[in-house]
Novice: 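Dropping the structure in here first, questions after.
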Amino acid sequence: METEEIYKIPLQDIRVSDFNVRMTSRNTDIDELTASIRKYGLLQPVILRGSYGNPPYELIVGQRRYLAHKKLRKTSIRSTFFGELDDTRAKILSLTENMHRLELNHADKAEAITALYKEHGGDDRSVAQELGLSLRTVREYIRIEEEATPEAKAALKRKDISKVDLKRVIDAAQGNPDKMNELLERMPKLSKYEKSRAVEYARDNPKAPADEIIEEGMKPRLERTIILNLPKEVSAALGKAEKELSMDAEEVAARALSEWLRDNGFLRRRV
Amino acid sequence: MSRENERDTVIARLIANTLKKKRPDNLVQIASDIRWLENDLGSLKAVSEIIRISTHMLRQFLSVERLCPEVRQLVEERKIDLINTVHYMRSFDPEGQKTIAKEVIAGHLSANDIRVLAPLRRALPGKSIDQLISHVQGSKNIRSYIAYFSVPSGFGDEDAEALRCRFGKIVGLAEIINFGTETSVGVLELSELGQKKLKEAAKERKLSLRKLVDEIVLG
């Protein structure tokens, strides 16, 4: 199916495919690319759907190269053909090509990944495998796309909120869109320590309003560490757990202690 | 020294400085060695291959170049010696770097705190660096460290005060949050800095923390 031959295709015979995932920031760094093409020519041909001899052609990969050529008032562009592709394949090709060059912004990636996720019948593993991305990354994008409110997505697009903070907001909102929108502006103004307390409080108190969540997040907690004399064997086991779990000894000990207290009825909920 | 010999020396120094936990040289020296080798070999990638650490890590070492001269001097004197601290400080302006450096040296700001400062500065552009530092410091959970010990029989108020002073000599009286010998189990509650000082004292005497506390109790 795939041909290696390179053709000079008139720009007027090319139209940008609906499956090209780059929907935003199309003009970013276009001047730099234009200057490079003017100086060195086009090093990598663009990829078109279908086969040579049957215009108009759909541009699958290389939208910025195509726009740079238009800007330079060139009449044709070096192109290769990828043969007949179904819509899913076209989207995957466009996505993988751009994704690995880290040139897409979050909104483009999220939209494209979610579209693929739907086409794969909700199988996030297939999407991850197909795109060569980690399952965690794919799930992160899907979660934001599916759970964030339109206001939250817009804030992410404007870079008013980071991806990490938006995930915190989604966690804290517990499925309540109004609460999510209220937290959008306030969460980034907290320190990381306050943010984690706010999210923890919101998870434990799903009905708590946004004001209360922020207020509770801002209250520092008292963390007490007890200096113990451990028998040699216990100390060695703690060291082993620390190494294998990549946690510090204090954290391992705190977990072990809370589990023991819970198992013996001294502690009611998980901490 | 020939160019080849100099190259070998720099490579050996860099390996020693990046493989061992206790680095023989300061971060300014290491950054300068990385730059020398980069010029000699032609790229940072070539340095990465020969030293066997990632270019990402090498770039972190090079963060020191983005510090203002006053702070770089402190790094040279090894008053600031953590790669993460230097790396997170690099994005601040010279005044910000100097303020942060003071807090780091005083033990009031950790590398993680500096990491928290950067996004906060973007979210609260109207606040000064001092206000942001106070915000971060004030938002941290308050940590205290408690050591329990056996109170010797017949222990009176004067003995208790003498013991409190003995602990105070090591950790500083201001760092003792709570001290009690009313029951047979005594309590010593220390601040984070107090615990750090007690740890250093234990390390100096080659004792465990627990053992040191017991020795101090026994006088």
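Note on naming: letters A, B, ... go to the chains in the order of the sequence lines (proteins, then strands), and numbering restarts at 1 for each one. Here the structure is a predicted model, which is why all the values come from computation and not from measurement.
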Novice: For each of B/Pro119, B/Ser144, B/Ala123, tally heavy-atom pairs with chain A at distances under 4.5 Å, and name the one with the top tally.
Specialist: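 Option with the top pair count is B/Ser144.
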Novice: Heavy-atom count check: over 12 atoms from other residues, nucleotides or ligands less than 6.0 Å from A/Lys153 NZ?
Specialist: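 Enclosed.
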Novice: Starting from the C-alpha separation in whole Å, work towards a yes-or-no answer on side-chain contact (heavy atoms from CB on, under 4.5 Å) for B/Arg143 and A/Arg224.
Specialist: CA-CA 6 Å; B/Arg143 293 184 137 193; A/Arg224 291 178 137 176; over 6 Å; no
Novice: How long is the span from the OG1 atom in A/Thr225 to the OH atom in B/Tyr145, to the nearest 0.5 Å?
Specialist: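 Atom-to-atom, A/Thr225:OG1 and B/Tyr145:OH are 4.5 Å apart.
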Novice: Would you indicate whether B/Asp157, at its atom CG, is surrounded by more than 12 heavy atoms from other residues, nucleotides or ligands within a distance under 6.0 Å?
Specialist: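 No, the 6.0 Å shell around CG holds no more than 12 heavy atoms from other groups.
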Novice: Can you pull the side chain to side chain donor-acceptor pair (under 3.5 Å) pairs that have at least one residue in residues 165-178 of chain B, sequence neighbours excluded?
Specialist: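 Applying side chain to side chain donor-acceptor pair (under 3.5 Å) to every pair that reaches into residues 165-178 of chain B, excluding sequence neighbours, yields B/Glu175-B/Ser191.
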Novice: For the atom pair CG (B/Leu120) and CG (A/Leu190), what is the distance rounded to the nearest 0.5 Å?
Specialist: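 Here the rounded value is 8.5 Å.
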Novice: Can you check whether B/His135 reaches A/Glu194 side chain to side chain, under 4.5 Å on heavy atoms?
Specialist: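 Sidechains of A/Glu194 and B/His135: in contact.
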Novice: Should we say atom CZ of B/Arg78 is surrounded by more than 12 heavy atoms from elsewhere, each under 6.0 Å from it?
Specialist: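 Count over threshold, so yes.
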Novice: Just to be sure I understand the criterion: a residue of residues 208-223 of chain A counts if one of its heavy atoms is under 4.5 Å from a heavy atom of chain B. Which ones qualify?
Specialist: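 Residues A/Pro220, A/Arg221, A/Leu222, A/Glu223 are the ones that qualify, each having a heavy atom under 4.5 Å from chain B.
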Novice: Counting only heavy atoms not in A/Arg143, do more than 12 fall under 6.0 Å of its CZ?
Specialist: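 Buried by this count: over 12 neighbours within 6.0 Å.
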Novice: Do any of residues 159-189 of chain A come closer than 4.5 Å to chain B, heavy atom to heavy atom, and if so which ones, in number order?
Specialist: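 From residues 159-189 of chain A, the residues near chain B are A/Pro188, A/Lys189.
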Novice: Are B/Asn141 and A/Tyr193 close enough that some pair of their side-chain heavy atoms sits under 4.5 Å apart?
Specialist: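 Of all side-chain heavy-atom pairs linking A/Tyr193 with B/Asn141, none is under 4.5 Å.
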Novice: Report the residues that fulfil side-chain hydrogen bond (donor to acceptor under 3.5 Å, both in side chains) with B/Thr99, sequence neighbours left out, ordered by chain and then residue number.
Specialist: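 So B/Thr99 forms no side-chain hydrogen bond (donor to acceptor under 3.5 Å, both in side chains) with any residue.
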Novice: Out of the candidates A/Lys192, A/Lys195, A/Arg197, only one should pair with B/Ser139 under the side-chain contact (heavy atoms from CB on, under 4.5 Å) rule; please name it.
Specialist: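 Output: one option passes, namely A/Arg197.
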